[in-house]
Amino acid sequence: MRLLSLRLIISLIVGMTLVSIGFSYYEVVREKQALRRELERRAEVLGESVAANVEKSWEEGGSERALQRLVQRFGNREHLLGVAISDRQGKLIAITPELAKVLTGVPREVTQSIVEGHGESSFIRLHDEPVNIFALPLYRDEEIVGGLAVVHDAGYIRAQSLRTWREAFVTVLIQVFLIVSITVLIVRWSIVGPIARAAQWMRALRMGRISSRQQMPDLDLFKPLAWEVVTLTESLSQARIAAENEARLREAGESMWTADRLAVQIRTRLGDGRLYVVSNREPYIHERKGKSIEAVVPPSGLVTALEPVLAACDGTWIAHGSGDADAEVVDSHDRLRVPPRDPRYTLRRLWLTKEEEQGYYYGFANEGLWPLCHIAHARPIFRAHDWRHYQEVNRKFTAAVLEEIKDVEQPVVLVQDYHFALLPRMIKEKRPDARVAIFWHIPWPNPEAFGICPWQRQLVEGLLGADLVGFHTQSHCNNFLQTVDRTLEARVDWEHFSVARQSHRTIIHPFPISVDIPGEAPVESMSLRDEYIKRTSLMHSLGVDTAFVGIGVDRVDYTKGIPERFHAIERFLEKYPKYQGKFTFVQIGAPSRTHIKRYHDLMAEVEAETERINWRFQSGKWKPIVFLKRHHSHDEIDQFYRAADFCLVTSLHDGMNLVAKEFLAARRDERGVLILSQFTGAARELRDALLVNPYDVDQTAEAIRIALEMEPEEKQLRVRNMRRQIREHNIYRWAGNLITELCELRLDSADRGEPKPRTSVTAA
Ligand code: G6P
């Protein structure tokens with residue numbers, strides 16, 4: 001750094017000096033020219049005045065002596081060396097005494113002016129001294145009869161130039177000194193300082209002493225660079241965790257799934273093929289915020305789960321572009337690379353009209369299929385025009401998929417969720433060589449419940465177009481097979497969990513979805529006191545003073561049991577009044593599908609219940625419920641997960657529920673308790689949670705008390721067990737198993753596009 005500064009200073013001094021000398025030289029030359037012009041002008045005025053007097057004297061018949069007197073009269077002006085007069089033949093006839101000492105003959109300029117008949121001026125040297133000679137022809141009766149020379153001493157011009165050079169030199173010295181000093185100070189403040197801070201911060205990042213973007217110091221000009229460093233460090237730290245995991249796994253002989261293993265697995269299985277994911281919800285929504293555009297990650301378990309899969313194998317994700325600035329950031333093929341900070345895969349956006357969105361998404365998918373599949377006592381609504389839009393949009397997505405896979409042999413397509421029940425069949429009809437799976441992220445109800453859908457046959461047929469249909473749990477698979485059995489002519493193979501229909505076979509298997517849980521990273525050893533301080537300050541930021549905190553994170557959806565949860569909190573405070581003033585529940589509620597009346601009403605109900613319960617119990621700076629009604633980023637939610645004494649999941653019915661798993665993934669400290677509805681898919685795996693029936697308000701209230709009073713050792717044991725379960729069944733295993741199974745399936749000959757063997761016809 002020191003050497004660098006020295007080089008910088010020397011370059012600055014040399015550069016500045018050269019530039020200043022250049023400017024000074026230009027100034028001196030300009031000044032010299034101005035002085036010369038001034039002298040010539042003065043000589044001219046004087047010359048004309050002398051000439052007029054000489055000519056007048058000649059007209060009056062003046063003698064040579066009179067001429068001599070006349071020139072002497074003019075001889076004592078400033079810088080004037082003298083005046084001389086010659087006749088036409090070049091003989092000096094009058095000259096001032098001082099000039100006579102240095103001028104021996106008639107100057108060339110005089111002779112020239114007599115010949116050419118006009119004034120002549122030039123700078124020459126007389127006895128090595130610089131002079132200016134101005135010559136004029138002299139007239140009598142309009143005839144040139146002689147010449148006049150006005151000679152000025154020009155030495156003062158040189159002296160003046162030298163003086164200017166000297167002054168410029170001093171100015172250059174002062175300027176260079178000042179500018180170099182100021183530059184060095186600026187460099188120290190705005191470059192060396194931030195660089196030193198950045199180096200310190202990067203060292204801390206590298207050594208893993210700090211991890212988050214929020215701890216970035218103020219790096220001034222280097223902020224964009226710092227963001228790149230953060231991304232790089234995150235990638236490095238992920239690589240380090242992956243390598244540590246691999247080493248640990250090799251050591252333990254375990255077979256754990258990691259992002260790297262998934263990437264290798266997908267590349268091996270896919271060969272030259274590629275992975276395509278289709279879902280309604282996109283992983284990044286671009287929205288206009290004032291003059292800038294922001295990428296928002298939507299609240300969706302599906303998005304949380306699939307992002308690491310796509311990133312691991314650089315696939316293509318096809319989804320509905322729903323953000324108001326989505327169209328502004330895509331290329332001419334409606335594609336862009338994401339995640340925005342660290343692009344790892346392609347997002348292909350597809351545009352829907354308002355009518356399509358209304359009919360297919362709000363109508364058929366969310367007012368029909370969603371309540372149909374969730375037993376949450378909301379009546380499904382089926383409208384014929386919604387169904388029409390549902391079919392049209394499924395066709396539109398099929399066209400987009402076919403376009404994306406057109407030059408790809410044996411592509412692997414993972415269709416997501418209840419928005420696209422018809423897609424598998426539509427894709428396979430055009431591309432039988434594609435391997436197509438659909439994963440149904442929500443529950444599948446029993447055949448009686450599903451049977452109320454007027455288009456159940458078409459939906460089931462559409463799904464059976466897939467080679468593989470996945471659900472979260474075995475019971476959802478069972479319900480689906482029973483529904484197939486009752487709806488269609490098909491051969492259901494209960495032994496292998498498959499359905500054979502019109503020479504096509506579909507496998508139906510459970511794949512419990514999960515999250516990416518960071519490897520066996522060291523447990524953050526925060527003391528109970530520090531934990532208390534952190535939680536207190538987080539709650540103060542919400543304007544609440546409390547000792548214990550519970551957390552709930554959901555889209556505001558009637559299947560999540562939010563009012564039931566609030567009633568349990570109310571009951572808990574009634575039953576255990578010692579917690580009044582000491583326990584607060586933070587509910588993060590992301591508004592969802594708010595155009596649907598049922599959701600709109602639910603939001604009003606949740607707000608009203610929050611207000612009612614708070615009004616009943618609150619005192620001073622304490623209240624029992626904080627309802628944060630907005631979408632929160634993962635980082636924001638993580639803070640609450642880590643600060644909470646427990647997380648409360650009370651879904652009335654849920655395919656899996658990833659909030660439960662995300663909460664555990666965030667608890668690297670192995671503290672905190674999970675209270676989990678028995679009606680979630682997650683409850684089948686997370687047996688160390690406090691399982692509750694969310695309809696049983698007393699039971700949930702009791703679980704809250706148990707969670708708050710549980711011994712730290714027991715909490716640790718439970719969290720450790722559940723984290724191990726999630727780590728062993730993480731999102732990479734989900735994707736790995738799903739894709740492996742899909743790729744290992746033997747496609748029927750018809751599916752592979754091969755001709756079917758001819759059946760021989762024997763004549764009777
Ligand atoms: C559930 C569904 C997802 C959906 C998410 C959010 O998890 O299974 O497909 O993306 O809810 O709902 P939204 O309607 O906002 O996409």
Side-chain angles (χ1 to χ4, degrees), residues 277-285 287 296-307 309-310 317-323 326 347 349-350 352 356-374 376 378 386 390 393-394 397 414-421 423 438-445 463 469-473 476 511-515 553-562 588-596 598-600 602-603 630-632 634 637 649 651-662 677 679-682 731 734:
V277 166
V278 188
S279 77
N280 171 69
R281 186 56 70 196
E282 54 182 345
Y284 294 93
I285 302 179
E287 280 173 353
V296 180
V297 178
S300 159
L302 176 152
V303 166
T304 314
L306 284 169
E307 167 109 309
V309 179
L310 269 289
W317 187 329
I318 304 164
H320 170 213
S322 58
D326 271 1
L347 170 60
R349 284 180 170 145
L350 192 138
L352 298 182
E356 284 171 336
E357 196 180 350
Q358 175 57 45
Y360 136 86
Y361 170 76
Y362 286 109
F364 195 76
N366 285 319
E367 285 192 284
L369 290 178
W370 180 267
L372 178 75
C373 292
H374 289 93
D386 287 348
Y390 187 81
V393 173
N394 271 246
F397 269 84
L414 299 185
V415 181
Q416 307 298 317
D417 235 348
Y418 59 101
H419 310 89
F420 299 118
L423 212 64
I438 180 160
F439 191 81
W440 198 260
H441 288 258
I442 61 176
W444 190 279
L463 288 167
V469 178
F471 293 97
H472 290 301
T473 67
H476 298 156
F511 299 90
I513 206 164
S514 195
V515 292
V553 180
D554 304 83
R555 284 182 305 105
V556 180
D557 190 300
Y558 53 83
T559 60
K560 304 294 180 186
I562 300 172
I588 293 182
S592 175
R593 307 170 191 168
T594 42
H595 297 324
I596 298 174
R598 185 76 180 77
Y599 284 81
H600 189 80
L602 175 71
M603 182 60 93
R630 72 166 170 88
H631 171 51
H632 287 65
H634 284 307
I637 295 174
V649 176
S651 306
L652 305 180
H653 198 190
D654 217 330
M656 171 55 72
N657 192 287
L658 288 181
V659 167
K661 293 187 175 181
E662 276 169 16
S677 158
F679 305 126
T680 58
I731 183 62
W734 174 82

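Start at 1 and go down the list; that is how both ligands and their atoms are numbered.
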Please step through side-chain contact (heavy atoms from CB on, under 4.5 Å) for the pair Leu463 and Ile438, ending with a clear verdict.
-> CA-CA 7 Å; Leu463 288 167; Ile438 180 160; 3.6 Å; yes
Test log, rule side-chain contact (heavy atoms from CB on, under 4.5 Å), inputs Val277 and Val309 | CA-CA 10 Å; Val277 166; Val309 179; 5.8 Å; no
Go through the steps to decide whether Glu307 and Tyr284 satisfy the test side chain to side chain donor-acceptor pair (under 3.5 Å), and finish with yes or no.
-> CA-CA 10 Å; Glu307 167 109 309; Tyr284 294 93; 2.5 Å; yes
Please report the C-alpha distance between Leu302 and Ser279 in whole Å, then the side-chain angles of each, then the deciding distance to 0.1 Å, and finally whether the side-chain contact (heavy atoms from CB on, under 4.5 Å) criterion is met.
-> CA-CA 9 Å; Leu302 176 152; Ser279 77; 3.9 Å; yes
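Some N or O of Ser300 is nearer than 3.5 Å to an N or O of ligand 1, by distance alone. Residue-to-ligand polar distances place Tyr361 within reach of ligand 1: an N/O pair is separated by less than 3.5 Å. Taking only nitrogen or oxygen atoms, main chain and side chain alike, Arg281 reaches within less than 3.5 Å of ligand 1. Checking only distances, Arg593 does come within under 3.5 Å of ligand 1, N or O to N or O.
If you number the atoms of ligand 1 from 1 as listed, the ones under 4.0 Å from a heavy atom of Leu302 come out as 9 (O). Those atoms of ligand 1 with a heavy atom of Pro299 less than 4.0 angstrom away are 6 (C). Against a heavy-atom cut-off of under 4.0 Å, Ile442 is close to the following atoms of ligand 1: 8 (O). Taking a cut-off of under 4.0 Å to the non-hydrogen atoms of His419, the atoms of ligand 1 that pass are 9 (O). Those atoms of ligand 1 that come under 4.0 Å of a heavy atom in His441, given as number and element, are 8 (O).
At a heavy-atom cutoff of 4.0 Å, ligand 1 is contacted by no atom of Gln416, backbone or side chain.
Aromatic ring orientation, Phe471 versus Trp444: perpendicular (interplanar angle above 60°, classes split at 30° and 60°). The aromatic rings of His441 and Phe439 sit perpendicular, their planes meeting at an angle over 60°, well past the 30° parallel limit. In this structure, Tyr361 and His419 have parallel ring planes: the angle between them is below the 30° cut-off, well short of the 60° mark.
Looking from atom 2 (C) of ligand 1 to the surrounding protein, the closest heavy atom is Asp417 OD2, 3.3 Å. Closest to atom 6 (C) of ligand 1 among all protein heavy atoms lies Arg555 NE, 3.4 Å. Of the protein's heavy atoms, Gly301 N, 4.2 Å lies nearest to atom 7 (O) of ligand 1.
Shown here for Ile513 and Met656, the closest heavy-atom pair between the two residues is O-CE, 3.5 Å.
Annotation: cation-pi pair Arg593/Trp370 present, NZ/CZ under 6.0 Å from the ring centroid and within 45° of its normal.
Heavy atoms of Pro298 come nearer than 4.0 angstrom to ligand 1 in no pair at all.
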